[in-house]
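Each chain gets a letter, A, B and so on, in the order the sequences are listed, and its residues count up from 1.
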There are 2 protein chains.
Amino acid sequence: MAARASSKTSESSDKVSVICRALRRAIIEQALEPGAKLPEDALGERFGVSRTIARHALGQLAAEGLVELRRNRIAVVATPSWQEARDAFDIRIELERLVVRQLAGKLTKVQIAELNGHVDAEDRARGGTDAVSIRLATEFHILLAHMTNSPILVRYVSEVAYRCCLTLSLYSRPHSSECAINEHRAIIAALAKGDEAKVMELMHHHLDSVANRALVAPAPQRGRDLLDILAPYADEVTSDRVVKLPKIARRG
Amino acid sequence: MAARASSKTSESSDKVSVICRALRRAIIEQALEPGAKLPEDALGERFGVSRTIARHALGQLAAEGLVELRRNRIAVVATPSWQEARDAFDIRIELERLVVRQLAGKLTKVQIAELNGHVDAEDRARGGTDAVSIRLATEFHILLAHMTNSPILVRYVSEVAYRCCLTLSLYSRPHSSECAINEHRAIIAALAKGDEAKVMELMHHHLDSVANRALVAPAPQRGRDLLDILAPYADEVTSDRVVKLPKIARRG
DNA sequence: GGACATCAAACTGCATGCAATTGGAGCGCC
DNA sequence: GGCGCTCCAATTGCATGCAGTTTGATGTCC
């Protein structure tokens, strides 16, 4: 049996949605690195819309955690802390275990073929850039989520997977994607066989190893904002006794 | 040990955020029922802002799944299908198991007191309206999530809990909250004792029973939109052979 | 009475304009 | 050189205005 009936999900073809999709893709392909500035004017001009629309799009992406918005400041691509990255992976593991649990033994031949086709594409892209490999690997997981036909699950898996992508560009050493591809194939096989426990274990291990490959150092703080680094210390000072910090150039 | 250091989360004091918070609360307290119309003009006037801001707020709430936005149509409070409600609860169970797993044995005395205080408040509210009981019960879970100090987890648990609230007003028979309160107390006790497996089991059972109490009938379709109900059937007809339906008054 | 065409009010989609805030270059002072 | 100050360009926060779409009420014909 092929999961559930289809549902009218996905984003409409608003101008806002178009911009969101474009920026999302740019972010996960690391064309836009964490910390990159996203001025409303520039976005509007680039996409041929007014600032109003660009602003709205940034709001949506901020809700997804891909963009950081601070009042009266230029929006920037989010720069998750190491701990946030770890948290994102933990959540992702639980969500994707749920995905494969729902899917085990319930996929049609067509769906399995589609999954295999996607992994083939991942294979072919091995010669290309890391960015494309990472995007394809992420899209494999999103494709799986889609097959549950649960719009909510799709949304959360997509979101958290994008966030994890974001952390890869911050904390990961150069990506080696072969093992990931093999693990994807193993997951498909277990799904087809319908071995629920096995596929959940496989997915857990797969994501855990991706996370461990990515999040190597506990506190690299490469590219972190000074204020973020100092935030915990700021809790100690009272408001009327402000510590003056020496001026340090931040990356821009 | 008291979980992690605090973090600058939570929404800023934008006008947009204010409206979002107000609407969220109105929705989960069922002052705004699923299907209720939310015209931009009216919201703007009510909150003393322009339509631009109201619109932006609606966009945010739509991203959270509390509001449904269709092009050129008045925004309405979301009306999740029975299946979506079930999906939301399934996801919620996994997320909240993660919450209590992270929290087991790691809460400070102060935090435990805070949790007990909240349940006391739930107890006192038993005489009041269902709406307040439901809100307090939901806030208990969000309070737990906050104690993990994982902003991402807080966001997802909050969102999915709000969505579950929404379904309660659609599909639930009159709420009986006593058992829920007892279960909350049991969870606190197990958390304090640090019994990870036990507390995960308790939370799982708690949410599952809430879901089962709420989602009684598989297809009540009370207050469902005609078009949604007919959507699966519409897949059968080809586009050039449109079935004309008799005019039926929809609730407005 | 009921189906259909017509039209005005209501509403959304979006761009533009203005005030307020920020950030950083330039400049004087130590 | 380093530190603080002033000032202006860049940028955001928000309201308003206009065009296009939907809604539903009315009138007309069968």
Side-chain angles (χ1 to χ4, degrees), chain A residues 11-23 32 35-63 67-78 225-228 242-252, chain B residues 11-23 32 35-63 67-78 225-228 242-252:
Chain A
E11 271 174 325
S12 50
S13 63
D14 278 7
K15 300 195 179 184
V16 171
S17 311
V18 172
I19 298 179
C20 281
R21 271 194 292 271
L23 287 182
L32 289 171
K37 291 181 180 176
L38 302 169
E40 297 172 1
D41 291 330
L43 291 179
E45 192 175 358
R46 182 69 189 76
F47 289 100
V49 298
S50 79
R51 224 160 48 76
T52 307
I53 304 306
R55 180 184 183 75
H56 202 101
L58 287 174
Q60 297 292 305
L61 293 173
V67 159
E68 278 168 14
L69 236 42
R70 272 161 22 188
R71 191 177 171 86
N72 283 317
R73 299 247 161 59
I74 300 178
V76 296
V77 176
D225 196 275
L226 178 67
L227 290 179
D228 290 341
V242 175
V243 178
K244 280 228 169 171
L245 295 168
K247 190 188 280 179
I248 299 179
R250 292 191 231 148
R251 60 204 204 93
Chain B
E11 272 172 323
S12 50
S13 63
D14 277 8
K15 300 195 180 185
V16 172
S17 310
V18 172
I19 298 179
C20 281
R21 271 194 292 270
L23 287 181
L32 289 171
K37 292 181 180 177
L38 303 169
E40 297 172 0
D41 291 330
L43 290 180
E45 192 175 358
R46 182 67 189 79
F47 289 100
V49 299
S50 81
R51 221 159 52 73
T52 307
I53 303 305
R55 180 184 183 74
H56 202 101
L58 288 173
Q60 297 291 306
L61 293 173
V67 159
E68 279 168 14
L69 236 41
R70 271 161 24 189
R71 191 177 171 85
N72 283 319
R73 297 246 162 58
I74 300 179
V76 296
V77 176
D225 196 275
L226 179 66
L227 290 180
D228 290 340
V242 175
V243 178
K244 277 231 171 170
L245 296 170
K247 191 187 280 180
I248 299 178
R250 289 192 232 149
R251 60 204 205 93

Value in whole Å for how far the [atom2] atom of [N] lies from [atom1] of [X]:
X        : N       : atom1 : atom2 : result
Ile74(B) : dT21(D) : CD1   : P     : 17 Å
Phe47(A) : dC14(C) : CZ    : P     : 15 Å
Arg70(A) : dA20(C) : CZ    : P     : 23 Å
Lys37(B) : dT12(C) : NZ    : P     : 10 Å
Gln60(A) : dG13(C) : CD    : P     : 12 Å
Leu69(A) : dT12(D) : CG    : P     : 9 Å
His56(B) : dG13(D) : NE2   : C1'   : 11 Å

What are the two closest non-hydrogen atoms of Ala54(B) and Gly44(B), and how far apart are they?
CB-N, 3.8 Å
Locate the shortest heavy-atom distance separating Leu58(B) from Leu69(B); write the atom from each residue and the value.
O-CD2, 4.1 Å
Among [options], which nucleotide sits nearest the side chain of [X]?
X        : options                   : value
Arg55(B) : dC14(D), dT12(C), dG24(C) : dT12(C)
Arg71(A) : dC11(C), dC14(D), dG24(D) : dC14(D)
Asn72(A) : dC14(C), dT12(D), dC14(D) : dT12(D)
Lys15(A) : dG24(C), dA15(C), dT11(D) : dA15(C)
Glu40(B) : dG24(D), dA15(D), dT12(C) : dT12(C)
Asp41(A) : dA15(C), dG24(D), dT12(D) : dT12(D)

Could you tell me the separation between the CD1 atom of Ile74(B) and the NZ atom of Lys37(B), rounded to the nearest 0.5 Å?
5.0 Å
Relative to the 5' end of DNA chain C, which residue comes earlier, Arg73(A) or Ile53(A), by the nucleotide with the nearest heavy atom?
Ile53(A)
By nearest-nucleotide position on DNA chain C, the 5'-leaning member of Gly48(A) and Leu38(B) is Leu38(B)
How is Arg51(B) classified with respect to the nucleic acid when contacts are heavy atoms under 4.0 Å: base, sugar-phosphate, or nothing?
base
Backbone N/O of Ser17(A) and side chain of Gln60(A): donor-acceptor pair under 3.5 Å
no
Show your working on side chain to side chain contact (heavy atoms under 4.5 Å, CB included) between Leu32(A) and Leu38(A) and close with a plain yes or no.
CA-CA 9 Å; Leu32(A) 289 171; Leu38(A) 302 169; 4.0 Å; yes
